[in-house]
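In each ligand, atom 1 is the first atom listed, and ligand 1 is the first ligand listed. Numbers for residues simply follow the sequence, beginning at 1.
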Amino acid sequence: MTKIASVFGRRVWESRGNPTVEVDVVLESGARGRAIAPAGASRGKREAVDLRDGGKVLRGKGVAQALANVNGPIASALLGQDVVDQAGIDGILTGLDPSKLKETLGGNATVATSLAVLHAAAADAGQQLWRLVADRYDRMARLPLPEIQIFGGGAHAGRRVDIQDFMIMVPGAASFDEVMEVTNEVYFAAGDIMASRGNLAGVADEGGWWPMFRSNEEALESLVAAIEKAGEKPGDRVVISLDIAASEFAENGVYSLALEDRRMESDTLIGLLGSWLDTYPIVSIEDPLAEDDREGMIEFTRRFGDRVQIIGDDYLVTDAGLVREAASDKACNAALIKVNQAGTVSEAIEALTAAQAAGWTTIVSARSGETEDTSISHLSVGLGNGQLKVGSFQRSERMAKWNECLRIQDELGPDSFVGGAPLARTWWAAAQR
Ligand code: PGA
Ligand code: ZN
């Protein structure tokens with residue numbers, strides 16, 4: 001009865017108004033699973049391809065070809081397959097598309113299918129998705145510590161500032177609810193500060209305030225001011241997390257901070273980021289150097305890896321092989337996990353497991369183009385991975401993920417919140433100094 005009776009892909013629309021792929025999987029038992037592919041804007045070169053039709057219609061972003069792949073070869077290959085075997089089904093998907101980056105089927109087609117299969121298995125078992133994941137992968141379900149964006153930037157804000165995400169974390173909170181409360185206070189305090197300076201200009205793609213700043217560092221200063229205005233002592237209960245997304249402003253080994261009209265090499269950028277680490281209560285930094293700047297990532301981790309979480313996103317693209325390579329290089333100490341970068345649930349979990357085997361922390365993450373799909377909240381809880389990054393604290397495609405964690409909290413109990421525990425003691429202690 002847990003065999004697949006039908007697979008159907010349809011076009012739906014994501015938070016930026018672009019088309020994307022939704023897949024319904026129905027089992028012989030009648031149980032159904034549904035998932036939607038998210039879409040990134042600052043995509044890594046080595047991540048699974050988001051298959052788009054090109055041309056003039058829908059600004060080239062049509063997904064007709066990806067849907068044809070779901071409703072054609074994918075549906076044919078999956079009919080009669082048993083959803084109890086996620087790895088087997090994901091193996092069929094990767095077997096259908098042996099290209100390295102899933103350019104034949106499209107990562108958008110495979111990820112929506114793979115996640116819909118997982119949802120169908122949970123529905124058939126009458127289980128919440130997080131619980132099925134915890135049971136199946138033998139993990140302790142826990143509510144993650146969120147990373148929440150306050151100012152958006154980079155590719156999510158027309159490159160108004162160079163740095164992409166200015167976020168807070170609340171590792172000092174006693175519960176997930178407390179994180180939400182503190183975030184509400186900081187988020188609106190930041191909006192008030194922008195308004196009082198005449199800089200309030202709406203929100204960026206992930207719901208963070210639009211970054212009307214004269215320099216990248218002004219965003220950091222404003223974030224500290226917002227934390228203070230919210231009645232918090234920066235570095236105490238609330239700390240800062242940055243996604244530099246440096247690949248976005250790097251070319252041929254030169255980093256261009258357009259807002260400040262500055263061009264620099266890897267070493268200078270490392271020095272600049274280091275000076276921010278000395279000045280602001282930053283405990284986590286993502287993609288500090290570009291995806292092809294291996295030497296830079298190694299040097300950055302050598303200098304700062306004992307005091308901050310250094311996350312590879314574009315640098316690792318949720319690929320177990322790249323995670324292992326970076327671990328042996330000592331080029332990061334944490335991995336961002338985006339299921340659609342890998343293209344299937346099993347490959348994403350393999351990357352997460354490889355990161356944990358290296359002693360790294362892991363952060364399950366949304367994309368900048370999102371929907372009402374809350375699969376990542378369930379994956380983060382079910383895998384007990386410790387951290388979740390979803391964007392900001394506004395707009396329903398973001399709030400849907402935080403709210404889903406609150407519903408899960410009602411089943412798991414408030415004690416299931418991981419708090420600051422997964423943060424490596426070294427850098428948390430350093431941030432306290
Ligand atoms: P995205 O970027 O626009 O590719 O989703 C998000 C991130 O860099 O973490
Ligand atoms: Zn990133």
A.B. asks: Hey, does Glu286 come in under 3.5 Å of ligand 1, counting only N/O atoms on both sides?
C.D. replies: yes
A.B. asks: Calculate, to the nearest 0.5 Å, the distance between atoms CG and OG belonging to Leu336 and Ser365 respectively.
C.D. replies: 4.0 Å
A.B. asks: Please list, in number order, the atoms of ligand 1 under 4.0 Å from a heavy atom of Arg367.
C.D. replies: 1 (P), 4 (O), 5 (O)
A.B. asks: Any atoms of ligand 1 less than 4.0 Å from a non-hydrogen atom of Lys338? List them with their elements.
C.D. replies: 2 (O), 6 (C), 7 (C), 8 (O), 9 (O)
A.B. asks: Is Glu325 salt-bridged to Arg294, cutoff N-O under 4.0 Å?
C.D. replies: no
A.B. asks: Considering only protein heavy atoms, which is closest to atom 8 (O) of ligand 1, and at what distance to one decimal place?
C.D. replies: Gln164 NE2, 2.8 Å
A.B. asks: Have a look at Asp313 and say which of its N, O or S atoms is nearest the Zn ion (ligand 2).
C.D. replies: OD2
A.B. asks: Restricting to non-hydrogen atoms, name the atom on Thr110 and the atom on Gly107 that form the minimum distance, rounded to 0.1 Å.
C.D. replies: OG1-O, 3.2 Å
A.B. asks: Quick test of your reading of the structure: of Pro38, Ala39, Ser42, whose heavy atom lies closest to atom 2 (O) of ligand 1?
C.D. replies: Ser42
A.B. asks: Write out the residue and atom name of the closest protein heavy atom to atom 9 (O) of ligand 1, then the distance separating them to 0.1 Å.
C.D. replies: Lys389 NZ, 2.8 Å
A.B. asks: Assign the ring pair Tyr187 / Trp209 to parallel, tilted or perpendicular, where the plane angle (0 to 90°) is split at 30° and 60°.
C.D. replies: parallel
A.B. asks: Looking at Arg324 and Glu350, is there a salt bridge between them, counting it only when a charged N and a carboxylate O are closer than 4.0 Å?
C.D. replies: yes
A.B. asks: With the Zn ion (ligand 2) at the centre, find the angle made by OE2 from Glu286 and OD2 from Asp243, to 10°.
C.D. replies: 90°
A.B. asks: Geometry only, no angles: is Ser368 polar-contacting ligand 1 at N/O separations under 3.5 Å?
C.D. replies: yes
A.B. asks: Out of Glu147, Glu206, Glu370, which one pairs with Lys401 under the salt bridge (Lys or Arg N to Asp or Glu O under 4.0 Å) rule?
C.D. replies: Glu370
